[in-house]
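Taking it in order: structure first as structure tokens, then the write-up.
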Amino acid sequence: MFDHPIFKSRVLGIGYAVVWGFILTLNSSLEYFYGSSPIEEVFLGNLVFSTVFAVLAIPLWYPVSSCQKQEGWIMIAFNHLATASVFIIIWFSISFHIVIAIFPTGKTATTPLEEQLSFGIFQGIMGYAIVVLSYYLHIYARNLREKHETELQLQQSLKEVEISMLRSQINPHFLFNSLNSISSLTMVDADRAQEMVVKLSDYLRYTVSQEKAAIVALSKEIENIHRYLEIEKIRFGAKLQYSFSLTNDALAADIPAMILQPLYENAIKHGVYESTEPIIIETNAYMDNDILIVSIKNNYQEGAPMGKGAGIGLRNIAERLKLIYQNETLLHIKNENQVFEVTLIIPPAKKSVA
Amino acid sequence: MIRTLIIDDEEPARMLVRKFLEDFSEIEVLGECADGFTAVKSINEHNPDLIFLDVQMPKLSGFELLEIIEHKPHVIFTTAYDSYAIKAFDENAVDYLLKPFSRERFADAVKKVVGRIASQTEQNFTEVIALAEEKTEILQRIAVKSGSKIEIIAIGDIVYLESEGDYVMIHTKEGKFLKEKTMKYFEQHLDPDTFIRIHRSYIININEISRIELFEKESYIVKLKNGDQVKASSSGYKALKDALKL
């Protein structure tokens, strides 16, 4: 009862009443000018027929709104034929009896029933068709609007993902702190400083040169992550530890470029930054048939915000995977006993990529 | 001699400060600390004249540290934070070094502090802390002093907050702690999906509610999992209902 457009929207409700008022006036005037009955009888008679019709037509919304496209056209047509027949019989007999009760000697009571019936059925079919068609129109307009809205939303979120991806490529914090480490090393250990400059340059070159839509071999990504972790290792020393266990076929598999990087940044930001104890980042990659499985896990210290679940970085990865592979189940997060683990499931690459 | 501590969680960063300090014979380096906790202990123990302080550190940030130490040394912040956040420090009597920094810039900051120590001018932190607070969006933890100890309260452990004049009593699963802050501050800096101000004097964690009962017309009693009961005003009850999606 509450899911009906004329109850949900005041405008539609009033509109419904106005249209029926108009039909009532039109019918009454025609009948009055072309017929011979007194005005009150014409008006009241029409009022009864129209009101009963208007009220009975309200529930027609439910069969219309619930059977959209599931059935074939023949089935729908058959359904409407059946509904219309029942509807018209009920409408006509109720209205007929009410009018006879009001005017026992009026035109309706005295004219033979067969004569009225044909016109009544004609009116009923017209009315039924108009009501059902307007319901269909309403549903169509609503669907169109909804589709338009979801499209807008999708475009908006695509843009946001793109923007935040571009932003997340190089974290200025990481850059400045690394430069500060280099600045320090130049004073105490020039060789290591030189080494770090080269690593940082390689890392930046790879990061800047990757197009956001590119698909690369996992080995390429891991190579760059190695550089990143080595740079961070100079900053954090023994507090940062990492290990990789990767099968050869996994290393050869394809993966969207820079999709893993935010996971390591998260592990460092929420794990290493927030900890006074060593944090170990473990990476595992293997093939399950032709599907690549990559899991990255790290421990974290109690109270670190890592426990808070999916942040922007993780959401972006999930969004990107969804855009590329049209699948929402490719990112899995496990967070228990102060170990945070993210698993990515990477299907074989398709020819074109979002 | 100016007794100095270097506080930074990154070793190369500490090394650099130590190296640059070799140019200053009047400065004596007492030691280095790699996290905020150790630093608080060390500051309270040694009463240094000057500290080099990183902002981003595990467990206790540079700002949180300043809030809870009793003895306030002169501070030179060292940070890689963007200049936007740091610009406002210019207005205040606090020195900062944006990483990476040059030897000259470092020397300027040290000379400024040396001059200030000689003339016995105090540094004013209150505005800096207020500024840091403004920039904090949602709190991840709260540091409180309880006696001589420092407690770090995880946000999830908070059951409710109660106004106590100029202070706020933080009721947690483990006990209660007093913090010199306003209710408004907590209202703005706790996750608004979890913490609801249900009354002038109360902010509650909606995950800690065990029952809500009508008390009298227009006012409700919220029973919490730790057994405490707090009152909700009619507008507070409305906010609570919205948060619980009732």
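Residue numbers begin at 1 in each chain, while the letters A, B, ... track the order of the sequences.
When each of A:Ser275, A:Gly237, A:Ser178 is scored by its heavy-atom pairs under 4.5 Å with chain B, the top score falls to A:Ser275.
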If you look only at distance, which donor and acceptor atoms sit under 3.5 Å apart when one is on a side chain in residues 26-35 of chain B and the other is two or more places apart or in another chain?
unit_1: B:Glu32; atom_1: OE1; unit_2: B:Arg14; atom_2: NE; d: 3.0
unit_1: B:Glu32; atom_1: OE2; unit_2: B:Arg18; atom_2: NE; d: 2.5
unit_1: B:Glu32; atom_1: OE2; unit_2: B:Arg18; atom_2: NH2; d: 3.4
unit_1: B:Asp35; atom_1: OD1; unit_2: B:Phe37; atom_2: N; d: 3.0
unit_1: B:Asp35; atom_1: OD1; unit_2: B:Thr38; atom_2: N; d: 3.2
unit_1: B:Asp35; atom_1: OD1; unit_2: B:Thr38; atom_2: OG1; d: 3.1
unit_1: B:Asp35; atom_1: OD2; unit_2: B:Thr38; atom_2: OG1; d: 2.6

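For B:Ala154, no part lies under 4.5 angstrom from a heavy atom of chain A. When heavy atoms are compared at a cutoff of 4.5 Å, A:Tyr273 approaches chain B by way of both its backbone and its side chain. For B:Lys19, the part sitting under 4.5 Å from any heavy atom of chain A is the side chain, from C-beta outward, and nothing else.
Within 6.0 Å of the OH atom in B:Tyr167, the count of heavy atoms belonging to other residues, nucleotides or ligands does not exceed 12. The number of heavy-atom neighbours closer than 6.0 Å to NZ of B:Lys184, taken from other residues, nucleotides and ligands shown, is 12 or below. Atom NZ of B:Lys176 sits in a sparse spot, with 12 or fewer heavy atoms from other residues, nucleotides or ligands closer than 6.0 Å.
Of residues 181-189 of chain A, those residues lying under 4.5 Å from chain B by any heavy-atom pair are A:Ser181, A:Ser183, A:Ser184, A:Leu185, A:Met187, A:Val188.
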Inset, instruction - Verify side-chain contact (heavy atoms from CB on, under 4.5 Å) between A:Asn177 and B:Gln56, making sure each step is shown before the conclusion. - result: CA-CA 11 Å; A:Asn177 277 313; B:Gln56 159 100 64; over 6 Å; no
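Looking only at side-chain heavy atoms (C-beta outward), B:Asp9 and A:Lys239 come within less than 4.5 Å of each other.
Heavy atoms only, all atoms of each residue included: A:Asn180 and B:Pro100 are closest at OD1-CA, 3.4 Å.
For the atom pair CE of B:Met57 and CD of A:Glu274, the computed distance is 11.0 Å after rounding to the nearest 0.5 Å.
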